[in-house]
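All remarks here apply to the structure that follows.
Here the structure is a predicted model, which is why all the values come from computation and not from measurement. Chain naming here is simple, since letters A, B, ... match the order of the sequence lines and numbering starts at 1 in each.
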Number of protein chains: 2
Amino acid sequence: MAKTSQAAGLHRASLDKLHDLDAALELMYYGWRGMTLEADAYLAKQGLSRPHHRILYVVARRPDIAIGALLEVLGISKQALNRPLNLLIESKLVTSRRSPEQHRSKLLRLTAAGQRIEQRASDHERNVMRQAFDRAGSSSTAAWIAVMEAIADHN
Amino acid sequence: MAKTSQAAGLHRASLDKLHDLDAALELMYYGWRGMTLEADAYLAKQGLSRPHHRILYVVARRPDIAIGALLEVLGISKQALNRPLNLLIESKLVTSRRSPEQHRSKLLRLTAAGQRIEQRASDHERNVMRQAFDRAGSSSTAAWIAVMEAIADHN
DNA sequence: AATCTCAAGTCAATATAGTTGACATGAGAG
DNA sequence: CTCTCATGTCAACTATATTGACTTGAGATT
């Protein structure tokens, strides 16, 4: 459960660029790190980590999602989901109840405490993004979105 | 050593947005995935994975880097470096020799085979980026860089 | 020469994050 | 009464990382 994430030698290393786009590769790497660093530190203080956050994030945006649907969204196996989800349920951050009509599936929801933690963790990430967008200006924001969509939807 | 990375339920899940910037968080996530997906598949075919690529990438850009310096750049412990680096040396993708004047340190270099694999893996990533930049246009590229630098250098 | 320091290597234990395979349970549906 | 389906669970395995303790080999210091 990763403790307070120690040194985190986070200074973007200055490497020689062999290709034109090397800087872009490194920006993706350090960008991801920059966005998640504070959120991960916050989560670690709560005894949680990135997979727990992913679960909380999805359940917050799909209340009453069933286990199977959650597995699909997360793209992991049910065995991999098992531990982190059970921890969240035991810590009363997530509730699980059977569907009234479809008794086969379980419906997941965040408790108030779960919502609070999800919101705070995601806030750390959103704050990083907001500050970056503010600094770069609103037209840059639209351009950033266009580029990221092209990357995300590549093939 | 992650085999051929199976289904990869990679369709950007459509989640309700609770906040303005949720889309940006998801774009970072799927952007990282989009950039690394093909490179990871290529690396897996070579029996390698992301940590090996990181080592190859850094050594390619800092020939004759010492182990200690490499550890600093990568931000991991020497025990964590040990396995992947030894695999690369055993597979003759990386050479390690003692420094002529400073016999204490070892200097790392890529072999021709190591350079080839590093280049091909990184090419997969650069291709994704190049296509995205081409689609979005050159002014968008500059804006993307500005935003990513702000994110990476946050605090 | 004897010792101190420093880079690197190694051994062990642990945590986390994921996999596949096999099997159990409980509820609807036929 | 059985079949299917969603869920749950047990086991074994892989990979990536951690910390702590210790060794080795070479240079530098006293």
Side-chain angles (χ1 to χ4, degrees), chain A residues 1-10 29 33 36 40-41 43-44 46-55 59 64-90 94-108, chain B residues 1-10 29 33 36 40-41 43-44 46-55 59 64-90 94-108:
Chain A
M1 203 62 54
K3 46 180 64 171
T4 28
S5 93
Q6 46 102 261
L10 235 272
Y29 180 77
R33 296 258 247 136
T36 55
D40 284 345
L43 287 161
Q46 318 301 315
L48 304 175
S49 58
R50 196 121 292 272
H52 305 106
H53 187 197
R54 267 186 271 152
I55 296 170
V59 176
D64 285 339
I65 191 174
I67 305 265
L70 180 57
L71 289 173
E72 244 185 42
V73 172
L74 296 176
I76 58 173
S77 65
K78 73 184 155 175
Q79 294 89 334
L81 178 63
N82 201 351
R83 261 170 195 264
L85 179 57
N86 279 336
L87 180 76
L88 294 174
I89 292 173
E90 280 161 29
V94 171
T95 57
S96 148
R97 64 174 233 277
R98 299 225 95 109
S99 161
E101 64 283 340
Q102 251 226 276
H103 260 244
R104 294 194 204 180
S105 18
K106 278 193 179 175
L107 306 181
L108 303 173
Chain B
M1 204 63 52
K3 48 179 62 173
T4 26
S5 94
Q6 44 102 260
L10 237 269
Y29 180 76
R33 295 261 246 137
T36 55
D40 284 345
L43 288 162
Q46 317 301 315
L48 304 176
S49 58
R50 196 122 290 272
H52 305 107
H53 188 197
R54 266 185 270 152
I55 296 170
V59 176
D64 285 339
I65 191 174
I67 305 263
L70 181 56
L71 289 173
E72 245 185 43
V73 172
L74 296 175
I76 58 174
S77 65
K78 72 184 157 177
Q79 294 90 334
L81 177 63
N82 201 351
R83 263 170 192 266
L85 179 58
N86 280 336
L87 180 77
L88 294 175
I89 292 173
E90 280 161 30
V94 170
T95 57
S96 147
R97 62 174 235 277
R98 300 227 95 110
S99 162
E101 62 283 338
Q102 250 225 276
H103 261 245
R104 293 194 205 180
S105 15
K106 277 194 179 175
L107 306 182
L108 303 174

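- Mapping B:Asn82 and A:Ala80 onto DNA chain C by nearest heavy atom places B:Asn82 at the nucleotide closer to the 5' end.
- If you measure from atom CG of B:Leu71 to atom P of D:dT19, you get 12 Å, rounded to the nearest angstrom.
- If you take CG of B:Leu81 and P of C:dT10, they are 12 Å apart, rounded to a whole angstrom.
- Proximity of B:Ser105 to the phosphate of C:dA7: no side-chain N or O atom is located under 4.0 Å from OP1 or OP2.
- Nearest-nucleotide positions on DNA chain C for B:Ser96 and A:Arg50 put B:Ser96 closer to the 5' end.
- Note: CG (A:Leu87) to C1' (C:dA17) measures 14 Å, nearest angstrom.
- Closest to the side chain of A:Lys106, from the set D:dT7, D:dT18, C:dA8, is D:dT7.
- Proximity note for B:Ile67 (side chain, C-beta onward) versus C:dG9, D:dT18, D:dT16: the nearest is C:dG9.
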I'd like a table of atom pairs between the protein and nucleotides 20-24 of chain D - only N or O on both sides, under 3.5 Å - with the distance next to each one.
unit_1 : atom_1 : unit_2  : atom_2 : d
D:dG20 : O6     : B:Gln79 : NE2    : 2.5

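- The side chain of A:Ser49 lies closest to C:dA17 when the candidates are C:dA17, C:dG18, D:dT18.
- Atom CG of A:Asp64 and atom P of D:dA6 are 17 Å apart (whole Å).
- Shortest non-hydrogen contact noted between B:Ala80 and B:Pro84 is O-CD, 3.3 Å.
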